[in-house]
Amino acid sequence: MDFRDADSNPSRRPSIDRSIDPFIHSFIDSNQAVTRILPTHTPRLFADALALAREALFRGEVVAMPTETVYGLAAHALDSEAMSKVFRIKGRPAENPIIVHVESVDRARSLARSWPEAADRLAAAFWPGPLTLVVRHNGRVPDIVTARGATVGIRLPAHPFMREIIRACGFPLGAPSANLSNRVSPTTAGHVLKQLEGRIEWIIDGGPCQVGIESTVVDLSGTNPRILRPGMISLEAIRGALGPGHRVAGREPVAEGGCGGGSEGGLRSPGMMEKHYAPKGRLVVREWETELDLVEQVRDLGHACAETCVVAHTQVPLEAEFLGVSIIPNDAEAFGRALYGQLHRCDEEGASLIVIEKPPAAVEWDAIRDRLHRAAAAG
Ligand code: TXA
Ligand code: MG
């Protein structure tokens, strides 16, 4: 299917995802906005979408837009009222801070109380790109964005639309992933529509996300850099860019319902809670020798094959009557790009069980293992 063709008609309004809980439905029914997808695949369409999004953001409205990692729900980062709409739309708890997206390192520095040398090194190596730097802020970013913490997470994104819109606005954009809180992040405009239809007016369609997994979050506010959320920029790549003078800590394991991020300065990173990034179906990560072995594991889990979707990368089941079987590349980058799309598809098909073939143990799969672990923890 050509993705853009499917979503380019602004008047197209597919049905709302009926599995969303009743509370959200009552909200949608009483606050129904018409949600429109704006395509950007010609220079003219790109310019029109840019002008419209800019105007909406200046008015303090919220616009869903593409980044290279996942789609974001963006608003004026320095406007508390605009940012409070983002929290309401997502159903996001107030204690979870939001990443501020900037157009330059200078802008990032202008929001920071201190800008360590490590920040310069990492920005030079990975910006624009899927890396968020957590630094102490200087009070310019409103409390709602930082969740009243001492730090702010900042990212210079690579997606051309996101970069242009931040430049056109002249102010930074606060943007969490454009999903309902605790649900799977969207990697297409269609995924955003499924979850947020009726809650926002505009979704900018910038095509499928090239990275597909949320940014690596690195805390630079303590004595040593620390990974708060693994992403496709790996711990090794960060160590390499910082050089031998820095001791970079990996992410600590987190307890169910707890927060990661370590204890230095009481730093909170509530997005690290185990239950995040969950599809609706129960998700398990498994290995199997043969197809029969897989079928038996599914039955032992108390599910029928007919209600089970399998996502495999090497041992692909060919005979059993599963609800769905998808093959996803045995390569970390390609897997990362495809993973959330597969989880959205399994949800759409109504799978009660999603079995994902266990990824390899190599370091470049860290972020994928992390997201699968969280998605499995919820089930
Ligand atoms: O790739 C991404 O990072 C995407 C795109 C849209 O940029 N954004 C994203 O935002 O994933 P969100 O809100 O879904 O996840 C942000 C994560 C959360 O785990 C949050 O707790 C953490 O970053 N975070 C944000 N600001 C922080 C801060 N000041 N200190 C610690 N953690 C922070
Ligand atoms: Mg998120």
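Atoms within each ligand, like the ligands themselves, are counted from 1 in listed order.
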### Query
In terms of atom number and element, which parts of ligand 1 are under 4.0 angstrom from non-hydrogen atoms of Leu228?
31 (C), 32 (N)
### Query
Touching ligand 1 at all, His137? Heavy atoms, strictly under 4.0 Å?
no
### Message
With nothing but distance in play, are any N or O atoms of Lys90 less than 3.5 Å from an N or O of ligand 1?
### Response
no
### Task
Identify which of Pro97, Ala64, Cys209 has a heavy atom lying nearest to atom 27 (C) of ligand 1.
Pro97
### Query
Which of the numbered atoms in ligand 1 are below 4.0 angstrom from a heavy atom of Asn96?
18 (C), 20 (C), 21 (O)
### Whether over 12 other heavy atoms sit under 6.0 Å from Glu321 CD
no
### Message
Counting only heavy atoms, tell me which of Ser215, Ala178, Ala175 gets closest to atom 8 (N) of ligand 1.
### Response
Ala175
#### Entry: Polar contact flag, side-chain donor to acceptor under 3.5 angstrom, Arg247-Thr223
no
### Query
With a 3.5 Å cut-off and no angle check, do the side chains of Glu364 and Ser234 form a donor-acceptor pair?
no
### Query
With atoms numbered from 1 as shown, which atoms in ligand 1 lie under 4.0 angstrom from a non-hydrogen atom of Pro176?
10 (O), 12 (P), 13 (O)
#### Entry: Under-4.0 Å heavy-atom contact with ligand 1, by part of Val152 that carries it
backbone
### Task
Under 4.0 Å, heavy atoms only, figure out whether ligand 1 is touched by the backbone of Arg92, its side chain, both or neither.
side chain
### ligand 1 contacted by Thr151 (non-hydrogen, < 4.0 Å)
yes
### Message
Checking contacts here: is it the side chain or the backbone of Val134 that comes within 4.0 Å of ligand 1, counting heavy atoms only? Could be both or neither.
### Response
side chain
### Query
Can you tell me if CD on Glu291 sees more than 12 non-hydrogen neighbours from other groups inside 6.0 Å?
yes
### Task
Would you mind telling me which of Glu307, Arg282, Lys280 makes a side chain to side chain donor-acceptor pair (under 3.5 Å) with Ser352?
Glu307
### Task
Give yes or no for whether the N/O distance cutoff of 3.5 Å, strictly under, is met between Thr67 and ligand 1.
no
### Task
Enumerate the atoms of ligand 1 whose separation from the nearest heavy atom of Thr69 is less than 4.0 angstrom.
1 (O), 2 (C), 4 (C), 5 (C)
## Note on the structure
Nearest heavy atom to atom 16 (C) of ligand 1, choosing from Leu133, Val100, Ile99, belongs to Ile99
### Query
Is the number of heavy atoms from other residues, nucleotides or ligands under 6.0 Å of Glu236 CD greater than 12?
yes
### Query
Does any donor atom in the side chain of Thr216 or Arg229 lie under 3.5 Å from an acceptor atom in the other side chain?
no
### Task
Number the atoms of ligand 1 from 1 as they appear, then name those within less than 4.0 Å of a heavy atom of Gly72, with their elements.
6 (C)
### Query
Between Glu197 and Thr35, does a side-chain hydrogen bond (donor to acceptor under 3.5 Å, both in side chains) hold up when you go through it step by step?
CA-CA 6 Å; Glu197 172 152 46; Thr35 304; 5.0 Å; no
#### Entry: Ser177 near the Mg ion (ligand 2): N/O/S under 2.8 Å
yes
### Query
Under 3.5 Å, is there a donor-acceptor pair linking the side chains of Thr151 and Ser221?
no
### Query
Do Ser177 and Asn179 get their side chains close enough for a donor-acceptor pair, meaning under 3.5 Å?
yes
### Query
Polar-atom distance check: Glu214 versus ligand 1, any N or O pair below 3.5 Å?
no
### Query
Does an N or O anywhere in Tyr71 fall below 3.5 Å from an N or O of ligand 1?
no
#### Entry: Considering all heavy atoms, the nearest Met162-Ile165 contact
O-CG2, 3.2 Å
